[in-house]
Amino acid sequence: MRMTKAFGKTLREAPADAEMISHQLLIRANYIRPLGAGLYTFMPLGYRVIRKIWDIMAEEMEAIDGQEMWMPNLHPAKVWQATGRWTEFGPALVKLRTESGREYALSPTHEEVVNDITLSDIESYRDLPRLVYHVSKKFRDEPRARGGLIRLREFIMKDAYSLDPSEDSMDEFYPSMYQAYLNIFQRCGVPTVPILADVGAMGGKSSHEFAVPHEQGEDTFIACTSCNYAANVDTAEFVREGQPPVDQAELKKMATPDCTTIAQVADFVGVPVSQTIKAIFYWNTPPGRLEKDGRFVFGLVRGDLEVNETKLVNALGGGELRPAIEDEIRAIGAVPGYASAVGLEVAPDINGGGIIVIADRSIENGGDFVIGANDEGYHYTGANYPRDFAISQMADIAQADTGHKCPNCGGRIEARRAIEVGHCFKLGTRYSEATGATYLDENNEPQLIYMGSYGIGLDRLMAVIVELHHDQDGIIWPDSVAPFDLHLMSLGKGEEVEEAADKLYVKLMGAGFTVYYDDRDASAGVKFKDADLIGIPLRVTVGARGLAQGAVEVKRRSSDERLMVPLDELVEYIPTTKEASY
RNA sequence: CGGGGUGUGGCGCAGAUUGGUAGCGCGCUCCGUUCGGGUCGGAGAGGUCAUCGGUUCAAAUCCGGUCACCCCGACCA
């Protein structure tokens with residue numbers, strides 16, 4: 001590609017609202033252009049990178065017998081209604097109704113489409129197992145797009161779908177996909193940490209997330225400092241430390257004026273925060289119901305811990321969760337700032353009548369707690385479960401955090417921020433059950449099909465690559481995903497130089513290299529700066545100085561070394577500089 | 001959804017407190033100059049100041065609504 005014909009140009013300054021380095025560099029270097037919040041155009045250079053990533057994924061998918069196909073992005077409402085996700089998916093699902101009254105969803109993912117095909121094309125155990133994948137656009141009305149290519153409303157995803165005859169078969173296949181994912185990220189120059197994750201809106205029994213540790217990541221995961229335990233904070237377990245007292249103190253009411261926070265109460269009474277119980281209030285709207293038909297939920301955790309809302313919503317059986325408002329809290333007889341389950345009419349279980357109280361197991365790891373008295377300005381001391389109050393259900397709703405005890409080895413865990421680049425789900429029969437997707441086994445018996453789904457965001461991955469591979473001057477693409485192999489430039493105006501560079505351009509392409517050729521009539525400084533910014537791995541500079549000796553300068557973007565290589569040895573020399581695989 | 005911030009040529013910004021009809025740098029066009037790390041000089045093109053309404057003789061500037069974009073939070077009573 002001749003730069004004099006290139007569409008778009010580099011920018012000296014990034015737009016002020018670009019915060020992440022990948023966002024700034026990708027815009028400055030002419031890889032992407034914004035259209036709206038979470039919506040980007042891939043410029044020719046950017047699209048080439050996407051295609052490179054795409055190719056790597058295709059190779060790894062083909063290697064495990066995956067077959068590439070191409071599915072629609074406009075989905076009839078009925079396929080989403082069939083699986084129940086027309087309502088269950090939540091507000092992120094983009095729904096549209098045409099003038100003529102037809103209803104569609106804009107693909108946020110493709111389980112429904114794959115499932116629909118299995119209904120017609122998977123009939124026999126002989127048709128299983130199968131693996132299909134495609135790379136296509138996904139649409140999600142994210143509440144907040146952010147970080148350039150990190151969180152988009154329209155994005156590019158490689159999603160694979162496995163179809164198996166049984167759970168065993170699915171489990172047996174899963175590791176090969178897991179390994180393929182590690183290979184893909186490795187080849188893209190992005191080391192990932194596979195972590196246990198929450199299944200969220202996808203449904204199914206378990207999943208792994210592939211996380212890239214990063215300060216500006218939107219995910220938090222927990223990793224053990226002594227063993228290899230790693231899990232998303234929304235699912236991470238930890239050992240609750242602490243014992244209940246041998247002799248329980250008496251429950252006593254105590255005046256605690258102006259103590260509406262855990263810290264204030266603990267300080268006033270003179271106990272550690274772990275000897276208090278924190279009460280938090282939510283409004284839960286069960287799946288498929290309207291908010292007004294929701295229910296009040298009272299959460300309890302030991303005072304030194306935090307509630308994890310994802311864990312809580314899972315304990316409740318799903319749906320939406322939002323903080324309760326003061327009126328709702330008072331309506332059940334609790335007093336904000338001085339609330340507890342003591343004296344409330346507690347439901348016997350999560351579907352029973354009364355107030356639903358979900359308690360974290362941590363309230364059993366301790367005792368003689370300071371707890372609200374549901375009376376303005378008063379707390380109880382010496383509160384113990386179950387002696388002094390009832391709950392509806394005990395669950396794991398507390399958030400794991402740095403310093404907690406590892407559930408696997410007993411070592412210490414720590415919380416880290418990360419960007420999620422891929423996710424593998426064992427969906428099981430979640431979709432086949434909803435739609436009756438079955439096959440006939442050897443005994444002529446209908447059996448449900450087991451599905452797995454495996455996604456990677458290409459644009460997000462591209463941004464992460466830049467986050468990991470750049471310096472002050474610009475991007476430093478790994479060889480594997482660079483938009484071009486070589487950045488060729490001519491220096492100075494001399495006819496001799498121009499001619500030599502033109503010849504070299506043709507020769508290098510003839511030798512099978514992809515070449516970005518800066519043939520502009522620009523000063524040396526401008527060309528060098530742009531080359532550094534764009535970040536093609538290998539730079540070949542043709543100047544009068546070197547030409548006098550029949551040589552050109554070769555420099556890797558990732559190194560400061562410059563080498564003069566004789567013109568007639570260049571084509572042979574280039575492959576020897578390939579960066580070792582990542 | 002809540003909180004904070006920002007909207008002025010393609011990009012980065014000033015002008016607003018003290019209303020008087022818009023300016024700088026980069027980029028772009030043309031001429032010359034320079035030619036191995038964003039050369040230098042000159043001449044130009046380009047803006048209903050996000051939008052709607054209000055106050056005023058007069059609004060980028062003051063007041064109100066709306067929209068868009070960015071950041072933080074989606075909790076601890």
Side-chain angles (χ1 to χ4, degrees), chain A residues 8-20 23-24 27-28 30 33-39 91 142-148 151 216 218 256 258-266 273 276-283 291 297-313 320-326 328-330 334-340 360 371-374 376 379 397-399 401 473-474 489-494 497-498 520-533 539 541-548 552-553 555 560 562 564:
Chain A
K9 58 186 57 161
T10 59
L11 268 39
R12 197 177 289 218
E13 283 172 290
D17 55 23
E19 282 244 323
M20 290 188 77
H23 191 192
Q24 294 170 4
I27 288 178
R28 282 191 57 207
N30 192 26
R33 290 287 179 258
L35 179 65
L39 304 169
E142 295 290 347
R144 185 178 145 221
R146 59 172 289 271
R151 193 172 202 81
Q216 293 172 77
E218 51 188 358
T256 51
D258 301 320
C259 293
T260 57
T261 67
I262 288 294
Q264 288 167 345
V265 172
V273 288
T276 65
I277 290 182
K278 190 184 288 184
I280 45 254
F281 312 103
Y282 292 96
W283 189 261
E291 181 169 317
V297 172
F298 197 123
L300 292 177
V301 291
R302 206 173 61 191
D304 58 318
L305 300 172
E306 311 291 333
V307 166
N308 179 287
E309 289 184 11
T310 303
K311 285 182 172 183
L312 179 56
V313 82
E320 299 288 318
L321 201 65
R322 65 158 171 82
I325 59 173
E326 185 156 336
E328 289 163 348
I329 298 167
R330 295 202 183 272
V335 179
Y338 301 91
S340 76
D360 183 71
I371 191 170
N374 290 322
E376 194 79 35
H379 279 80
I397 60 168
Q399 182 154 306
D401 207 346
D473 298 315
M489 66 166 74
S490 61
L491 245 41
K493 247 188 176 171
V497 171
E498 248 173 75
R520 295 175 301 173
D521 176 17
S523 73
V526 169
K527 291 190 173 189
F528 283 129
K529 287 289 182 189
D530 273 346
D532 289 344
L533 182 60
R539 189 180 81 195
T541 308
V542 182
R545 213 163 66 186
L547 223 47
V552 290
E553 183 196 89
K555 178 187 170 296
D560 289 331
R562 295 147 191 258
M564 295 307 291

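Labels below follow one simple rule: chain letters A, B, ... track the order of the sequence lines, proteins then strands, and each chain is numbered from 1.
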In the structure shown, which nucleotide is the Watson-Crick or G-U wobble counterpart of A68(B), with both distances under 3.5 Å?
U6(B)
Glu19(A) CD to C69(B) C1', straight-line distance once rounded to whole Å:
13 Å
Strictly by Watson-Crick or wobble contacts shorter than 3.5 Å, is anything paired with C1(B), and which nucleotide is it?
G73(B)
Describe the nucleic acid contact of Ile27(A) in one word from base, sugar-phosphate, nothing, applying a heavy-atom distance below 4.0 Å.
nothing
Classify Ala334(A) by what it touches in the nucleic acid, base, sugar-phosphate, or nothing, heavy-atom distance under 4.0 Å.
nothing
Give, for atom CG of Asp473(A) and atom NZ of Lys529(A), the distance between the pair rounded to the nearest 0.5 Å.
5.5 Å
Between U8(B) and A68(B), how far is it from one C1' atom to the other, in whole Å?
15 Å
With heavy atoms under 4.0 Å as the rule, sort Ala279(A) into base, sugar-phosphate or nothing.
base
Output yes when Glu328(A) and Arg322(A) qualify as a salt bridge under the 4.0 Å nitrogen-oxygen rule, no when they do not.
yes
Distance between P atoms of G46(B) and C24(B) (Å, rounded):
15 Å
For the P atoms, the ones on G7(B) and on A14(B), what distance do you get once it is rounded to whole angstrom?
8 Å
Considering Watson-Crick and G-U wobble pairs with both distances under 3.5 Å, what does C30(B) pair with?
G42(B)
Measuring only the P atom in each nucleotide, how far is U18(B) from C62(B)? A whole number of Å is fine.
9 Å
Given the C1' atoms of U21(B) and G15(B), what is the spacing between them in whole Å?
14 Å
To the nearest 0.5 angstrom, please state how far the CD1 atom of Ile371(A) sits from the CD1 atom of Ile277(A).
4.5 Å
Under 4.0 Å between any heavy atoms, over every strand shown, what does Ala324(A) touch: base, sugar-phosphate, or nothing? Just pick one.
base
Could you tell me the separation between the CZ atom of Phe281(A) and the C1' atom of C75(B), rounded to a whole number of Å?
12 Å
In whole angstroms, the gap separating P of A68(B) from CG of Leu39(A) amounts to 13 Å
Contact string for nucleotides 33-41 of chain B, one letter per nucleotide 5' to 3', B = base within protein heavy-atom range under 4.0 Å, S = sugar-phosphate only, - = neither, reads -BBBBBS--
Using atom types as modelled and distance alone, determine if a side-chain donor or acceptor of Asp360(A) lies under 3.5 Å from a backbone N or O of Ala398(A).
yes
Quick check: does any side chain N or O of Gln24(A) sit under 3.5 Å from a backbone N or O of Glu19(A), one acting as donor and the other as acceptor?
yes
To the nearest Å, how far apart are Lys9(A) NZ and C26(B) C1'?
12 Å
Pairwise 5' ranking along RNA chain B for Gly36(A) and Ala339(A), keeping only the more 5' one
Gly36(A)
Expressed as a whole number of angstroms, how long is the span from Glu218(A):CD to G73(B):P?
11 Å
For A22(B), the Watson-Crick or wobble counterpart (both distances under 3.5 Å)
none
Atom-pair distance (CZ on Arg144(A); C1' on C70(B)), nearest Å:
8 Å
What integer number of Å spans the P atoms of G44(B) and G38(B)?
29 Å
Quote, to the nearest angstrom, the C1' distance that separates C69(B) from C26(B).
22 Å
Separation between the C1' atoms of C49(B) and U33(B), rounded to whole Å:
37 Å
If only atom types and distance count, is the side chain of Lys311(A) paired as donor or acceptor with the main-chain N or O of Gln399(A) below 3.5 Å?
no
Arg302(A) side-chain N/O to Lys278(A) backbone N/O, donor-acceptor pair under 3.5 Å:
no
Between CD of Glu13(A) and P of C13(B) the distance, given in whole Å, is 7 Å
Rounded at 0.5 Å granularity, tell me how far CD1 in Ile280(A) sits from CD in Glu309(A).
9.0 Å
By the 4.0 Å heavy-atom rule, please label Gly148(A) as base, sugar-phosphate, or nothing.
nothing
Rounded to whole Å, please give me the gap between CD1 in Ile371(A) and C1' in A77(B).
13 Å
Heavy atoms only, 4.0 Å cut-off, all strands: where does Pro143(A) land among base, sugar-phosphate and nothing?
base
How about Lys9(A) and Asp530(A): do any of their side-chain heavy atoms sit closer than 4.5 Å?
no
